[in-house]
Amino acid sequence: MVKEIERAGIPVVHIATVVPIALTVGANRIVPAIGIPYPLGDPSLGDEGEKNIRRDLVERALKALGTPIKGQTVFDDAYEF
Amino acid sequence: MKLEIGNIFIKDVQLGQETMINEGLLTINPELLAAKILEDERIKSARVELAKPGESVRITPVKDVMEPRVKVFGKGTVFPGVAANKVEQVGEGRTHVLKGTAVMTVGKIVGFQEGIVDMSGIGAEYTPFSKTLNICLVLEPMEGVETHAYETAAREAGLKVTQIIGEVGRNMTPDEVISYEHHPIPHLAAAYPHLPKIGYVCMLQSQGLLHDTYVYGVDAKKIIPTLMSPTEFMDGAVVSGNCVASCDKIPTYLHQNDPLIEDLYSKHGKELNFMGVIITNENVFMADKERSSDGVAKLAKMMGLDGVIISEEGYGNPDTDLMMNCRKVEAQGIKTVLVTDEFPGKDGKSESLTDAVKEADAVVSCGQGNLVITMPPMERLIGTLEDIETMIGGYEGSLKKDGSIEAEIQIIISATSAIGGNKLAARMY
Amino acid sequence: MMILITNNEDVVEQWKNCRDIVIMKRESDNMLDVLYCSRDLLHKGHCLLTHPFTGSLKPNESPYKSILVSETVKQLHVDHVATIEQCIASAQKSLENRPIPIYSEKLLRDFRLIDKDLISNGIMRAQESHQK
Amino acid sequence: MKKLKVVHYINNFFAGIGGEEKAGISPEERDGAVGPGMALAQALGEEAEIIATVVCGDSYFGENLASAEKDIVAIIRKHQPDLVFTGPAFNAGRYGVACGAVAKAVEEQLGIPAVTGMHEENPGVDMYRKDLYIIKTGHSAAGMKKTVTSMASLGLKRAQNQLVGPPEEEGYHVRGMRINYWAEKRASLRAVEMILKKVKGEAYQTEYPMPDFGRVEPMPPVLDFSKAKVAIVTSGGIVPTGNPDRIESSSATKYGIYDISGLDSMPADDYTSIHGGYDRTYALEDINRVVPLDVMRDLEREGIIGKLADYFISTTGTGTSVGSARAFAVDFSNKLLEDGVNAVILTST
């Protein structure tokens, strides 16, 4: 899916739970999600905490969209923008 | 290490008083063999029946298939460490083979296991054992014997009878002698410095009851990968206890006559340097898979191999070991070719294996087991048709009134064995 | 501690008094429910201790399945998630081709016996290397 | 031998009616061959005759999938042809998906053999390769002659129940079906020969290709988010309660577009997850864990992003064949472009 969106000319970032699968499917900008049943949340945190990490994740996704890349790139927490 | 294989070509077999061979005719004494089997009190009854290529005969359910051999000189006996044989290092000296014959253990152990050998008709095309003179031991368990115990009894009965018959060839002059040499690795490497060093990784079925293999009598679940000389296989060091999924089963016969070993030897010293066999297992415990595949890659590296061929036995669980072995051996810079069979479903459209790695870019297919065929009725039956419809590959309505059987070729013994002995293959349409 | 997911009452019978095993008994007449349950645990970071497709019996042949999963949670074990997803896809496909037949009780006992023997090998191996 | 009756399906462009501006026309019928049908008729020669051509606009087909397919099949049924051709669609994405849908409907509902043609990158190939014979074509109509010749020969074989050869002989895309055959040499010998070639770096042919996916060049970055319009797409199976579009819980054959204008957070009681591939309890507790509407609305309000699209797009990721997922994206990307969306955040479970 992600490839066809990009082929149509729209930059896309894939917040993916299983990074190797995202790589195989061909996403170019990948941000690792938190967990499979809760990609942008974490039930162990309170509402406040959950919204904060969701915000961090979405902001990292936007940063990824704003970063020039040559090939497939995983923007995990080790990545320096 | 040198082993001479003396092939005595057997053209026909018959039942009679005295067990002997003359001019290619093997005579065996059924009472003597039955009496030997019944020494084991776990077995209630034993009958000997013959089946010859081209006859209108169906044999089912088939537990194992073995080739009668006898060690004429050199240490140990055939089938070391099993069926009361002493444990001794084999693979040297000379071994005589009653070429063209096979011993089969026939009869139910559990309701769903094992498959069919048809001696003629379309079913015969799919199994190597429609071309051998088959000495069938039809066995029945004593009431109340627990399944594990009876499986061992049936396995041992087959090995004992195969050895007794093999003895007949001890003092014969073979029609053909082929010698197989196997030298220490430095010697081999120096002998053919310019030829690619090729190894064979043989994955042995090792999951549990009816899914086991034995190496010198040791249950393969308990081994970690080790190096073996190809000649040890020829003396029966590896024995099958696997009775499930008849089409990809590797009976003892195919370990004794491993097609990959034969074809690697045929090019040894000419196009390649056959460095030896790494045996490994397919345990259910995931950590064992990591340990074993690490061991395979380490041994391949230590042997200085350029490439390996990996064969597997079974479906599902072994696919993961196959891919782990492939990935880790390629990571050592050693090339791999995988030999496997396929189960892409009735319509042939789904994934053939339950695992895949991108390194697996060189695969040889032994055919897909979901193909449905209709085997014509046979005049004579050895065994029982009781469980056809619950055997793997069979289903409700498989057994027709006229005795013909419509089923997936999964139901046929060694139809798609991933050791590569057949010409059946599959391709992408 | 280990988690044993199974729909095989003989397996429960054999391992229920074992201190280091939590048994999740599933009531279902084919293996899909056991596979889904194991998958959900893998998604939360548990990992496989035994392979989901033990035994060469196809998913539309044997009604029984037992899977051993670690109790401790680490980060996502991607290979194991891929393995169970592929097994689920294969099981769905083969059950779609032909559902599990109605077997006699005698035959069901044989299927339970094989499944029990295979998983017991895995459990004993795990206990030997005191898996947590 | 009586002449075989053939019906040919093409789109607005190839029927010469017009380009994008005419992509909205509904199905209509023409007598005899039209446009590429002429070359196809020539390739069919005396054995078959194109008695009618069905024309439909790609946009009309895309937006009215069910009704368009029903009407087209009705027209074709009326003619009772022996053989149907659709396309060739070359590399036109929406036309390819339409050709595949029509051909599949004809085969399944009318039992009439159908043949089409597409370039390998056309999403219709992955979507329909397992159901249809799709002749390999070049990028554009430049290769029309060669394409229609292959389509004609394959079509005639199928209409006359002759044996269809393997993909490399007949020129159709590999369908992904594993068929047995008897090889010359036994598998072990083939394995030995293959390892020797691989070790020596010589070319060899694997007998079972591992599944893999093509690569696409990455898009240039979005430089100024404060003016950018961002949309959320998810394969996490989030749909309005009651699943109005009946999206399947796995192997989805459709996607949904759901309005979120005016909402600051995903309302737990109006939305649910129907995804068959994960434990849904956590998503049901808080849908924002899959579709981050609460955070996106904050970012929009704070001016960090220009605008959040008024809708999100959803399907179920598990089991959905690569082909269908790609076809969905081809479809909804057009809508995103029309609505001026400059960036997409895709979430998957």
Side-chain angles (χ1 to χ4, degrees), chain A residues 1-6 12-61 63-64 69 71-81, chain C residues 1-7 22-28 31-53 59 65 67-94 96 131-132:
Chain A
M1 216 155 37
V2 64
K3 273 200 326 216
E4 291 308 327
I5 299 171
E6 220 152 32
V12 58
V13 57
H14 186 181
I15 301 180
T17 46
V18 187
V19 169
I21 293 180
L23 287 166
T24 331
V25 168
N28 282 309
R29 291 184 170 85
I30 299 167
V31 169
I34 295 162
I36 290 181
Y38 29 80
L40 290 110
D42 183 344
S44 60
L45 308 174
D47 288 352
E48 236 355 80
E50 239 193 317
K51 205 168 174 204
N52 288 341
I53 57 163
R54 180 155 47 248
R55 171 99 184 203
D56 293 345
L57 208 53
V58 171
E59 281 183 346
R60 191 184 315 150
K63 271 201 205 132
I69 53 169
Q72 293 192 296
T73 312
V74 178
F75 294 86
D76 51 22
D77 28 28
Y79 185 90
E80 290 105 31
F81 284 93
Chain C
M1 283 291 278
M2 297 179 282
I3 302 173
L4 174 58
I5 306 114
T6 181
N7 63 344
V22 172
I23 294 183
M24 291 172 78
K25 176 71 168 56
R26 309 295 299 183
E27 304 306 329
S28 57
M31 60 174 69
L32 265 178
D33 175 59
V34 170
L35 289 171
Y36 291 142
C37 179
S38 314
R39 176 203 57 202
D40 292 346
L41 290 173
L42 296 187
H43 283 175
K44 294 204 197 89
H46 299 265
C47 74
L48 284 172
L49 293 177
T50 59
H51 195 278
F53 265 23
K65 180 53 65 183
I67 299 177
L68 196 63
V69 162
S70 75
E71 211 247 343
T72 53
V73 171
K74 297 189 234 44
Q75 24 83 331
L76 197 67
H77 199 300
V78 173
D79 290 346
H80 289 187
V81 168
T83 299
I84 196 125
E85 302 277 7
Q86 277 156 350
C87 289
I88 287 172
S90 161
Q92 284 169 339
K93 181 75 185 175
S94 89
E96 198 187 287
Q131 265 301 328
K132 279 177 283 318

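Small disclaimer: the values here were computed from a predicted structure and weren't measured. Within every chain, numbering begins at 1; the chains are lettered A, B, ... in the order of the sequence lines, protein sequences first and strands thereafter.
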(request) Enter the distance from C/His43:NE2 to A/Tyr38:OH here, rounded to the nearest 0.5 Å. (result)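 Output value for this atom pair is 11.0 Å.
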(message) For the interface with chain A, which of C/Val78, C/Leu42, C/Asp40 has the highest count of heavy-atom pairs at distances below 4.5 Å?
(response)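 Highest number of heavy-atom pairs under 4.5 Å: C/Val78.
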(message) Using every non-hydrogen atom in the two residues, find where A/Thr17 and C/Leu76 come nearest and quote the distance to one decimal.
(response)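 The answer is O-CD2, 3.8 Å.
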